[in-house]
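Proteins get letters first, then strands, A, B, ... in listed order; numbering begins at 1 in each.
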Amino acid sequence: MKDRAIITVPSHPKYLSLVRDVTARMGDLFGMTESETEDVKLAVDEACSNVIKHAYRGDIGKKIVVKIRLAKKRFEVTIEDNGLKADEESIKGRNLEDVRPGGLGTHLIKKAFQVYAFDLRKKKGNRLKLIKYRSENGDKGINS
Amino acid sequence: METKVSTHRGVNVLSISGEIDMYSSPQLRDELMGLIHRKVPVLFVDFANVSYIDSSGIATFVEGLKGIISYGGTLKFIGISKKIMEIFTFTKLGKVFKIYESFDDALHSA
């Protein structure tokens, strides 16, 4: 049995707390520090929020699949939807010096994960891959 | 998330508890912008019982700040936890918002 969790939730914002809880628990199992766990929880929340806002344009009746895999040296998250293709230009985030509402989500995702990449092989919808590599100081968990 | 509006020593205080995310931020926005539309001169937001905030919550406060500044009002944050302060700092909003440790500090500041 591989160390992984897969959850499928409706594209309704009320399920984001469930995604956060699972992500945080998996972060604990990976052995992340509290700060790292907070960062990945926020990042996965932001990525799922982007799916609701951009891929599904606020349609709450669709599906989001979140897969979290704990490997020896990395914490991998894959987020899949069947919505509109991501326009990376529109979700790349604003300049942080330009203070205005919005445009922070992608910055928060990239703060937590070293890899942020859309799998272009997926024909319909999006598959976002996020990878956080095990750090020197934290991450003394399940596979170390 | 729950919100409560009160008046303490003559200041309007919006106290928030729970998690601020894409689900709850519309409710927060209604409460915050309602106060701003009433042109309250000074508004304190008490974060002492906020356990989580995402970018939609931050966006709500940026919108609120712009609204309150537009008529010369003042928005001050109190009771922010270390982990939420880290998010404000990372997003470079720690210096945009007026942030104080306590109600008294905020009350006695300029």
Side-chain angles (χ1 to χ4, degrees), chain A residues 9-21 23-24 27 32-60 64 79 91-113, chain B residues 1-2 16-33 36-37 45 47 49-70 74-77 80-99:
Chain A
V9 293
S11 57
H12 191 299
K14 70 183 175 186
Y15 291 99
L16 290 172
S17 62
L18 179 62
V19 173
R20 290 198 296 273
D21 288 348
T23 304
M32 289 182 195
T33 63
E34 189 180 344
S35 173
E36 288 173 319
T37 300
E38 287 299 320
D39 284 350
V40 296
K41 181 174 84 170
L42 176 58
V44 173
D45 175 303
E46 295 289 346
C48 291
S49 295
N50 279 345
V51 169
I52 297 170
K53 279 186 283 191
H54 301 292
Y56 289 139
R57 297 275 172 94
D59 185 340
I60 58 174
I64 303 173
I79 299 168
I91 57 175
K92 73 176 183 182
R94 65 166 163 82
N95 182 335
L96 289 175
E97 308 292 344
D98 174 21
V99 177
R100 58 183 167 81
L104 295 175
T106 304
H107 290 293
L108 294 167
I109 297 168
K110 290 181 175 175
K111 176 176 185 277
F113 289 94
Chain B
M1 184 203 73
E2 291 184 3
I16 308 165
S17 58
E19 298 185 319
I20 307 171
D21 66 2
M22 189 186 180
Y23 181 51
S24 59
S25 60
Q27 178 198 338
L28 171 63
R29 185 181 181 280
D30 286 349
E31 200 74 69
L32 182 65
M33 297 315 286
I36 289 168
H37 288 147
V45 179
F47 282 79
N49 293 308
V50 175
S51 55
Y52 178 82
I53 188 167
D54 74 355
S55 67
S56 67
I58 294 171
T60 302
F61 287 116
V62 171
E63 185 183 0
L65 179 65
K66 295 204 167 190
I68 207 162
I69 285 174
S70 71
T74 304
L75 181 67
K76 296 182 179 183
F77 292 170
I80 293 184
S81 67
K82 185 172 166 242
K83 68 182 179 184
I84 290 176
M85 191 63 216
E86 280 175 10
I87 297 169
F88 280 126
T89 303
F90 173 74
T91 54
K92 304 203 174 183
L93 294 169
K95 290 179 183 169
V96 173
F97 293 118
K98 294 181 174 180
I99 298 172

When rounded to the nearest 0.5 angstrom, what is the spacing between [atom1] in [X] and [atom2] in [Y]?
{"X": "A:I109", "Y": "B:S55", "atom1": "CD1", "atom2": "OG", "value": "8.5 Å"}
{"X": "A:K111", "Y": "B:I87", "atom1": "NZ", "atom2": "CD1", "value": "7.5 Å"}
{"X": "A:H107", "Y": "B:K92", "atom1": "NE2", "atom2": "NZ", "value": "9.5 Å"}
{"X": "B:D21", "Y": "A:L42", "atom1": "CG", "atom2": "CG", "value": "10.5 Å"}
{"X": "B:Y23", "Y": "A:I60", "atom1": "OH", "atom2": "CD1", "value": "9.5 Å"}

ask   = B:I53 versus chain A, heavy atoms under 4.5 Å apart: side chain, backbone, both or neither?
value =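 Interface part for B:I53: backbone (N, CA, C, O).
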Residue part contacting chain A, namely of B:Y52, when any heavy atom lies under 4.5 Å =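 Looking at B:Y52, just its side chain touches chain A.
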inquiry  = Contact between B:S56 and A:K53 at the side-chain level, heavy atoms closer than 4.5 Å - yes or no?
reply    =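 Not touching, per the 4.5 Å side-chain cut-off.
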query = Given side chains that start at C-beta, do those of A:L104 and B:D54 come closer than 4.5 Å, heavy atoms only?
reply =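 No. Closest side-chain heavy atoms not under 4.5 Å.
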key: Winner by heavy-atom pair count (cut-off under 4.5 Å) against chain B, out of A:E46, A:E34, A:E38   =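 Option with the greatest count: A:E46.
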ask   = So which of A:R20, A:K41, A:H12 has the biggest tally of heavy-atom pairs under 4.5 Å with chain B?
value =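 The candidate making the most pairs under 4.5 Å is A:R20.
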ask   = Above 12 or not: heavy atoms from other molecules or residues under 6.0 Å from OH of A:Y15?
value =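 Atom OH in A:Y15 is not packed in, count stays at 12 or less.
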request  = State, to 0.1 Å, how close A:S17 and B:E19 come at their nearest heavy-atom pair, and which atoms those are.
outcome  =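 Shortest heavy-atom contact: CB-OE1, 4.0 Å.
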